[in-house]
Amino acid sequence: IIIVDDGSTDDTLKVEDEIRAQYPEIVRVLRQANAGPGAARQLGLDAAQGEFVQFLDSDDLLLPGKFSAQVTGLRADVEAGISYGKTYTRINKSRLPVPAQRSGERHKFLFPTVLTGRIWETATPLYKRSALYEIGPWSARRQLEDWEFDCRAAAAKIRLHYCDEFVAEYVNHDEDRLCHAWISDTNAMRDRIAAYVQVAGHAQRAGIPRESQEMQSFARSLFWMARGAGARGLSTEARQLFDLARSHSLAPGWDFRLFRLAVAIFGWQRSSRWAERFISRQV
């Protein structure tokens with residue numbers, strides 16, 4: 001068990017030392033200045049030596065039987081590199097009975113489904129180490145690093161094994177979350193934009209058909225992100241996202257044309273703020 005302390009400021013250090021003292025043969029603690037979830041996962045991965053690798057964020061839970069079921073599945077399906085199963089969501093003290101995100105669906109590959117959002121939470125999949133080598137390192141970005149990582153796995157055509165049982169529990173507290181920082185933080189918004197651009201590249205390299213429903217939904221998301229970037233005054237990023245949205249869209253509609261005209265007349269920021277009121281995200 002490798003614990004990565006990403007610059008904790010509470011009593012986590014004391015708890016880590018207690019756990020390490022109690023289980024010195026199986027617990028290792030690594031500490032770094034706060035660098036974000038992707039960098040923390042990568043530090044742990046670099047230190048890991050097992051045949052299989054499990055990531056576990058903050059206070060999410062792995063359920064009994066997870067490893068036995070998923071290790072058995074991966075060893076039986078020699079072509080699969082990732083095993084996943086159903087995941088509970090706990091909001092405060094209430095566990096929702098339905099699987100989180102799309103973890104209740106059976107998929108053989110991540111693309112094209114993952115273009116419209118993550119299939120699982122970070123604790124859900126179990127990876128073969130060989131698959132992680134194919135995917136490559138976690139990004140140090142603090143926004144959407146997990147979705148971009150999943151899309152890289154999709155582009156690498158990593159085969160999935162599905163475990164038809166609940167294997168993990170995602171804990172969602174009623175408090176601020178790092179993933180929402182982009183709403184008020186311009187640097188976080190830039191991170192988010194960079195992830196969208198990378199995902200577009202992964203989808204293109206994987207040859208996702210432009211006419212697929214998932215690609216068209218993603219094109220609408222790119223257009224939505226372009227407007228958000230423009231409203232923040234990030235004109236260069238907005239133009240890049242808008243061009244990607246147009247190139248991935250089968251038939252850019254009146255909203256694309258009207259928005260492009262507005263930008264030419266009023267500029268990115270004013271046009272984007274206007275468009276956010278009248279053009280829906282449509283995903």
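The shown structure was predicted, so the numbers you read here are calculated from the model rather than taken from an experiment. The basis for the numbers below is simple: all heavy atoms, side chains too, and nothing from hydrogens, waters or symmetry mates.
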Tell me whether the centres of the aromatic rings in F259 and W254 are closer together than 6.0 Å.
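Ring centres of W254 and F259 not closer than 6.0 Å.
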
Please tabulate, one pair per line, all N/O donor-acceptor pairs under 3.5 Å involving side-chain atoms of residues 236-250, not counting sequence neighbours.
residue	atom	partner	partner atom	Å
S247	OG	D243	O	3.3
S247	OG	L244	O	2.9
H248	ND1	L244	O	2.8

Should [X] and [Y] be regarded as members of a common hydrophobic cluster, given that ILVMFWY residues are connected when their side-chain heavy atoms come within less than 4.5 Å of each other, either directly or indirectly?
X: L126; Y: V4; result: no
X: V15; Y: I1; result: yes
X: Y23; Y: I3; result: yes
X: V197; Y: M225; result: yes
X: V167; Y: I82; result: no

Interatomic spacing from [atom1] in [X] to [atom2] in [Y] - rounded to 0.5 Å:
X: I2; Y: Q49; atom1: CD1; atom2: CD; value: 7.5 Å
X: L222; Y: R220; atom1: CG; atom2: CZ; value: 10.5 Å
X: L110; Y: D150; atom1: CG; atom2: CG; value: 6.0 Å
X: C151; Y: I135; atom1: SG; atom2: CD1; value: 11.5 Å
X: E145; Y: Q42; atom1: CD; atom2: CD; value: 12.0 Å
X: D77; Y: R159; atom1: CG; atom2: CZ; value: 5.5 Å

Thinking salt bridges, do [X] and [Y] make one under a 4.0 Å N-O criterion?
X: E169; Y: R95; value: yes
X: R152; Y: D146; value: no
X: R41; Y: D46; value: no
X: K157; Y: E134; value: no
X: K14; Y: E18; value: yes

Consider only side-chain N and O atoms of [X] and [Y], and report whether a donor and an acceptor are under 3.5 Å apart.
X: R75; Y: Q70; result: no
X: D5; Y: Q32; result: no
X: H202; Y: Q204; result: no
X: T87; Y: T124; result: yes
X: N187; Y: R192; result: no

If you count the non-hydrogen atoms of other residues, nucleotides and ligands that lie under 6.0 Å from CZ in R28, is the total more than 12?
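Incorrect, the count does not exceed 12.
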
Does atom CZ of R260 have more than 12 heavy-atom neighbours, drawn from other residues, nucleotides or ligands, at distances under 6.0 Å?
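No - once you tally the heavy atoms of other residues, nucleotides and ligands closer than 6.0 Å, there are 12 at most.
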
By the rule that ILVMFWY residues connect when side-chain heavy atoms come within less than 4.5 angstrom, directly or transitively, which residues belong alongside Y88?
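Members other than Y88 - counting any ILVMFWY side chain reachable under 4.5 Å - are L63, F166.
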
Close side-chain approach of [X] and [Y], heavy atoms under 4.5 Å:
X: R102; Y: R118; answer: no
X: F149; Y: L132; answer: yes
X: D60; Y: T122; answer: no
X: Q54; Y: K66; answer: yes
X: E105; Y: H107; answer: yes
X: S221; Y: Y196; answer: yes
X: I91; Y: T89; answer: yes
X: L234; Y: M189; answer: yes

Report the C-alpha distance between S8 and D10 in whole Å, list the side-chain angles of each, state the deciding distance to 0.1 Å, and finish with yes or no for side-chain hydrogen bond (donor to acceptor under 3.5 Å, both in side chains).
CA-CA 6 Å; S8 297; D10 53 13; 4.5 Å; no

Of all heavy-atom pairs between G104 and P99, which one has the smallest distance, and what is that distance?
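For G104 and P99, the tightest heavy-atom pair comes out as N-CB, 3.7 Å.
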
Minimum heavy-atom separation for A47 and L30, please, with both atom names.
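That would be CB-CD1, 3.8 Å.
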
Name all pairs fulfilling the ring pair (Phe, Tyr, Trp, His ring centres under 6.0 Å) condition that reach into residues 50-87, sequence neighbours left out, sorted by first residue then second.
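Every pair satisfying ring pair (Phe, Tyr, Trp, His ring centres under 6.0 Å) with a residue in residues 50-87: F55-Y127, F55-W138, Y84-W120, Y84-Y162.
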
Treating Q269 as the side-chain partner and A231 as the backbone partner, does any N or O pair qualify as donor plus acceptor under 3.5 Å?
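Side chain of Q269 to backbone of A231: a pair is present.
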
Keeping the roles fixed (side chain from S103, backbone from K86), state whether a donor-acceptor pair exists under 3.5 Å.
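Judged by distance alone, no pair lies under 3.5 Å.
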
Let's go through F109 and I158 carefully: what are the C-alpha distance in whole Å and the side-chain angles of both, what is the deciding distance for side chain to side chain contact (heavy atoms under 4.5 Å, CB included) to 0.1 Å, and is it a yes or a no?
CA-CA 7 Å; F109 297 95; I158 306 295; over 6 Å; no

For a side chain to side chain contact (heavy atoms under 4.5 Å, CB included) check, start with the C-alpha distance between F218 and T116, then their side-chain angles and the critical distance, and finish with the verdict.
CA-CA 6 Å; F218 180 59; T116 60; over 6 Å; no

Applying side chain to side chain contact (heavy atoms under 4.5 Å, CB included) to H161 and K108, what does each step give before you reach the verdict?
CA-CA 7 Å; H161 164 265; K108 279 297 182 184; over 6 Å; no

Carefully, step by step, assess L144 and D191 under the rule side chain to side chain contact (heavy atoms under 4.5 Å, CB included).
CA-CA 8 Å; L144 296 181; D191 268 2; over 6 Å; no

